[in-house]
Amino acid sequence: MPRATTRPQPAGREPGAAPAAPLAPTPSQTIGPFFGYALPFPGGGQIAPAGHPDTVTVHGLVRDGTGAPVPDALLEFWQAGPDGSLTGAPGSLRRDPATGAAIGRDGVDFTGFGRVPTDADGRYVLRTLPATAPAGRPDAAPYLAVCVFARGLLHHLATRVYFPEHATANAADPLLAQLPTERARTLLARADGPGRYRFDVQLQQTADGTHEETVFLAFR
């Protein structure tokens, strides 16, 4: 005589209950582009106080694994203050108290933080003060910390920008010193004019080896 069988029920669900509604994906599970809708803010690439005589420009291109520019990436920058402090001044993301509209930094205080979207050609521009080494890290060379968000990345990427005028400090820097020369070179900006530096971000090495992948960091 045939035996009656029952279909196993998922744990936590009563027999006959309706299936649970699917959970909405979080931003880190969503392949963009969506970075340009809410994250950029006025003056995001203007870290240096307005009119500061020491302002430098860092600019470059974000490319994918085919060598094509990425027009909807977003780069965040952090850097130590001129005294090496990592605290920074508040105010990068100020809002109008009356309307709630984002009005950005006040143009006077150095906050040490910037957020820059790439344009239609995959380019970004940052204006900031010269990089300094963090206080309490005498072995570290001056650098900018960078966080990269881009289409197809489920998790952001972290890297650094070092500068060519600090050759001695770069040679002793704990991170650069443990990298092969050709890999360390991907973290080095190049001067392309007075107070101007070029730093490109390569998300993946191209098949022909023309563009080598930028060194990205894992934090544990």
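These figures come from a predicted structure and were not determined experimentally. Heavy atoms only: backbone and side chains are in, while hydrogens, waters and symmetry mates are out.
- Between Arg123 and Asp119, no side-chain nitrogen of the basic residue sits less than 4.0 Å from a carboxylate oxygen of the acidic one, so the salt-bridge criterion is not met.
- Evaluation of the side-chain contact (heavy atoms from CB on, under 4.5 Å) rule for Ala80 yields Leu86, Thr132 as partners, not counting sequence neighbours.
- Atoms CG and NE2, from Leu176 and His166 in turn, are 12.0 Å apart once rounded to the nearest 0.5 Å.
- Contact record, Ala140 with Pro174: CA-CD, 4.2 Å, taken as the closest heavy-atom pair.
- Leu179 is not listed as a side-chain neighbour of Arg185, based on a closest heavy-atom distance of 4.5 Å or more.
- Residue pairs meeting the side chain to side chain donor-acceptor pair (under 3.5 Å) criterion with at least one member in residues 107-116, sequence neighbours excluded, are Glu76-Arg115, Ser92-Thr111, Arg105-Thr111.
- Distance OG1/Thr57 to CG/Leu126: 8.0 Å, rounded to 0.5 Å.
- Linking Ile, Leu, Val, Met, Phe, Trp and Tyr residues whenever their side-chain heavy atoms come within less than 4.5 Å leaves Leu187 and Leu203 in two separate clusters.
- Residue pairs satisfying the ring-ring contact (aromatic ring centres under 6.0 Å, His included) criterion with at least one member in residues 120-146, sequence neighbours excluded, are listed as follows: Phe77-Tyr124, Tyr143-Tyr162.
- Pro164 approaches Ala191 most closely through the heavy-atom pair CG-N, 4.2 Å.
- The ring-ring contact (aromatic ring centres under 6.0 Å, His included) analysis of residues 189-219, with sequence neighbours excluded, yields the pairs Phe163-Tyr197.
- By the criterion of side-chain heavy atoms lying less than 4.5 angstrom apart, applied directly or through intervening Ile, Leu, Val, Met, Phe, Trp or Tyr residues, Leu157 is not grouped with Leu217; the two fall into different hydrophobic clusters.
- Val56 has its side chain within reach of Pro130: a pair of non-hydrogen atoms, C-beta onward, lies under 4.5 Å apart.
- Within the 4.5 Å cutoff, side-chain heavy atoms of Pro71 are placed close to those of Arg151.
- Separating the CD atom in Glu212 from the OG1 atom in Thr206 is a distance of 9.5 Å, to the nearest 0.5 Å.
- With rounding to the nearest 0.5 angstrom, the CG atom of Leu188 is 11.5 Å from the OG1 atom of Thr181.
- Nearest heavy-atom pair across Leu144 and Ala131 is CD2-CB, 3.9 Å.
- Put simply, the side chain of Leu74 does not reach to within 4.5 Å of the side chain of Val116, judged on heavy atoms.
- Hydrophobic clustering of Ile, Leu, Val, Met, Phe, Trp and Tyr side chains at less than 4.5 Å, counting indirect connections, unites Val215 with Leu175.
- Looking at Pro82 and Leu129, their side chains come closer than 4.5 Å, going by heavy atoms from C-beta outward.
- Atom OG1 of Thr55 and atom CD1 of Ile47 lie 10.5 Å apart (nearest 0.5 Å).
- Minimum heavy-atom separation, His156 to Cys147: CD2-SG, 3.4 Å.
- Applying the ring-ring contact (aromatic ring centres under 6.0 Å, His included) test to every pair with at least one member in residues 42-68, sequence neighbours left out, gives no pairs at all.
- The closest donor-acceptor contact from the side chain of Gln202 to the backbone of Val62 lies at 3.5 Å or more, if one exists at all.
- Sorted by first and then second residue, the pairs that involve residues 97-119 and meet ring-ring contact (aromatic ring centres under 6.0 Å, His included), not counting sequence neighbours, are Trp78-Phe113.
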Start with the C-alpha distance between Asp200 and Arg198, add both sets of side-chain angles, then the distance that settles salt bridge (Lys or Arg N to Asp or Glu O under 4.0 Å), and finish with yes or no.
CA-CA 7 Å; Asp200 294 339; Arg198 173 76 180 260; 2.6 Å; yes

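- The heavy-atom pair separating Gly67 from Arg63 by the smallest distance is O-CD, 3.4 Å.
- A pairwise comparison of heavy atoms in Asp173 and Ala141 identifies OD1-N, 2.9 Å as the closest pair.
- Separating the CD atom in Gln205 from the OG1 atom in Thr214 is a distance of 10.5 Å, to the nearest 0.5 Å.
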